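Here is the structure we will look at, set down as structure tokens.
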2 protein chains.
Amino acid sequence: MATPQRVESDLGWALGRVARAHLRAAQEQVAGLPGGPRGYQVLVAAAREESSTQLALAQKLGVDRTVMTYLIDELQAAGLVERRPDPADRRARRVVLTQTGGARLCDLERRLREAEQHVLAPLSPEEQDVLRGLLRRVAEVDPDTPSACEVARDLTQEC
Amino acid sequence: MATPQRVESDLGWALGRVARAHLRAAQEQVAGLPGGPRGYQVLVAAAREESSTQLALAQKLGVDRTVMTYLIDELQAAGLVERRPDPADRRARRVVLTQTGGARLCDLERRLREAEQHVLAPLSPEEQDVLRGLLRRVAEVDPDTPSACEVARDLTQEC
DNA sequence: TATTGTTATACTCTATAACTATA
DNA sequence: TATAGTTATAGAGTATAACAATA
């Protein structure tokens, strides 16, 4: 029979604790930035030309596209990004970093590295790299893509 | 000079994506349980006698004690837990699992293992264990405890 | 005076739907 | 008809302060 596990072995518990701890540390570091740590993620993603329409950004950041509207509004009002018409699709807007935004981004990156360092402090540098790598690989899969086992289950109508 | 990183190398981005993905998967599995995945964590923690006052549970789960009141209210209304007076401190209430709650917990554990498996699917079983272990070690440090470097900084008044 | 639990209030996020302008 | 972006609204979640009972 299955003995009750300890809550420490629940992945959701660990993820929640670590994510909240990182969020608190990051919010301190980026105080004043519109959108907080998420605003930083927009700046980083917008710094790369590729896939910088609002919808693409929203999907990459894992938020609804309505949230992205407010986020860009605030970042634009702060002079950190601009909305430019997409030459290929007049419905879409490309989000590009302003010069001010680029300078701000450099400072933010330095501050957020400190926040990450603070959260990961219990681990050795090598372990930190392993954790980052594993988390990134899990995060990079499209959450909307059904897994192979789900596809197989649907095809075979089993279970 | 620091070239802008890709958003994929931001720890906050990866943590947010993975935590949200897990939350969605877990919510599907525990549909109907008061408090959702967090209610499950309360049940697991309450199944262990130790440190099961509402305040201790709140701290372990990383939420405010006011949140715990609502959570326990709902779990108690569903017959899954009971509030018992703490014999050592009449202000405190000990949260204990009912028989119904214990049975429900067994089922929930099985379902949540599936959810975790779904989220961690991109990793090999060995990598999954490594990720769980590293996350747990980071999560287990008390978020309110200042790090050694912070203490040293306060003491020396440097920086 | 400090702490546990409760309650009430306000605030922040998020989810949803409806609308526009394009495709 | 479908999609990108916007707007408005409602709901969930959270934070804060105040209170009663007890330490």
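Computed from a predicted model, the values in this text were never measured in an experiment. Convention: sequence-line order gives letters A, B, ...; per-chain numbering from 1. When reading the values below, keep in mind they use all heavy atoms of this one structure, side chains included, and skip hydrogens, waters and symmetry mates.
- An OP1 or OP2 oxygen of C:dT6 is reached within less than 4.0 angstrom by a side-chain nitrogen or oxygen of B:Arg83.
- Per the geometry, CG belonging to A:Leu23 stands 14 Å off C1' belonging to D:dG13, to the nearest Å.
- Between the P atom of D:dT7 and the OH atom of A:Tyr70 lies a distance of 8 Å, rounded to the nearest Å.
- Heavy atoms of A:Asp89 sit under 4.0 angstrom from primed sugar atoms or phosphate atoms, though from no base atom.
- Within the nucleic acid shown, A:Arg38 comes within 4.0 Å of sugar-phosphate atoms alone, with no base atom in reach, counting heavy atoms only.
- When the side-chain nitrogen and oxygen atoms of A:Thr69 are compared with OP1 and OP2 of D:dT6, one or more of them lie within a distance under 4.0 Å.
- Rounding to whole angstrom units, CG of residue A:Leu55 and P of C:dT20 are separated by 21 Å.
- Remark on DNA chain D: of its neighbouring residues A:Ile72 and B:Val67, the 5'-side contact belongs to A:Ile72, judged by nearest-heavy-atom nucleotide.
- Looking at B:Arg93 and B:Arg84, their side chains never come closer than 4.5 Å, going by heavy atoms from C-beta outward.
- Note: CZ (A:Arg91) to C1' (C:dC19) measures 15 Å, nearest angstrom.
- Under the 3.5 Å distance criterion, with hydrogens and angles disregarded, no donor-acceptor pair is assigned to the side chains of A:Thr53 and A:Arg94.
- For the residue pair B:Arg83 / B:Gln76, a side-chain donor-acceptor distance below 3.5 Å is found, with atom types taken as modelled.
- When rounded to the nearest whole Å, the span between CG of A:Leu71 and P of C:dT14 equals 9 Å.
- Per the geometry, CG belonging to B:Asp86 stands 19 Å off P belonging to D:dA21, to the nearest Å.
- For the pairing with B:Trp13, the side-chain contact (heavy atoms from CB on, under 4.5 Å) check across B:Leu15, B:Leu11, B:Asp10 returns one residue only, B:Asp10.
- At whole-Å resolution of the value, CZ in B:Arg93 and C1' in D:dA20 are 11 Å apart.
- Within a 6.0 Å sphere centred on CD of B:Glu28, heavy atoms belonging to other residues, nucleotides or ligands number 12 at most.
- Where A:Gln27 and B:Asp73 each meet DNA chain C at their nearest nucleotide, the meeting point lying more 5' is that of B:Asp73.
- In this structure, B:Arg65 reaches the bases: a heavy-atom distance under 4.0 Å links it to at least one base atom across the strands shown.
- Between the C1' atom of C:dT6 and the CD atom of B:Glu74 lies a distance of 15 Å, rounded to the nearest Å.
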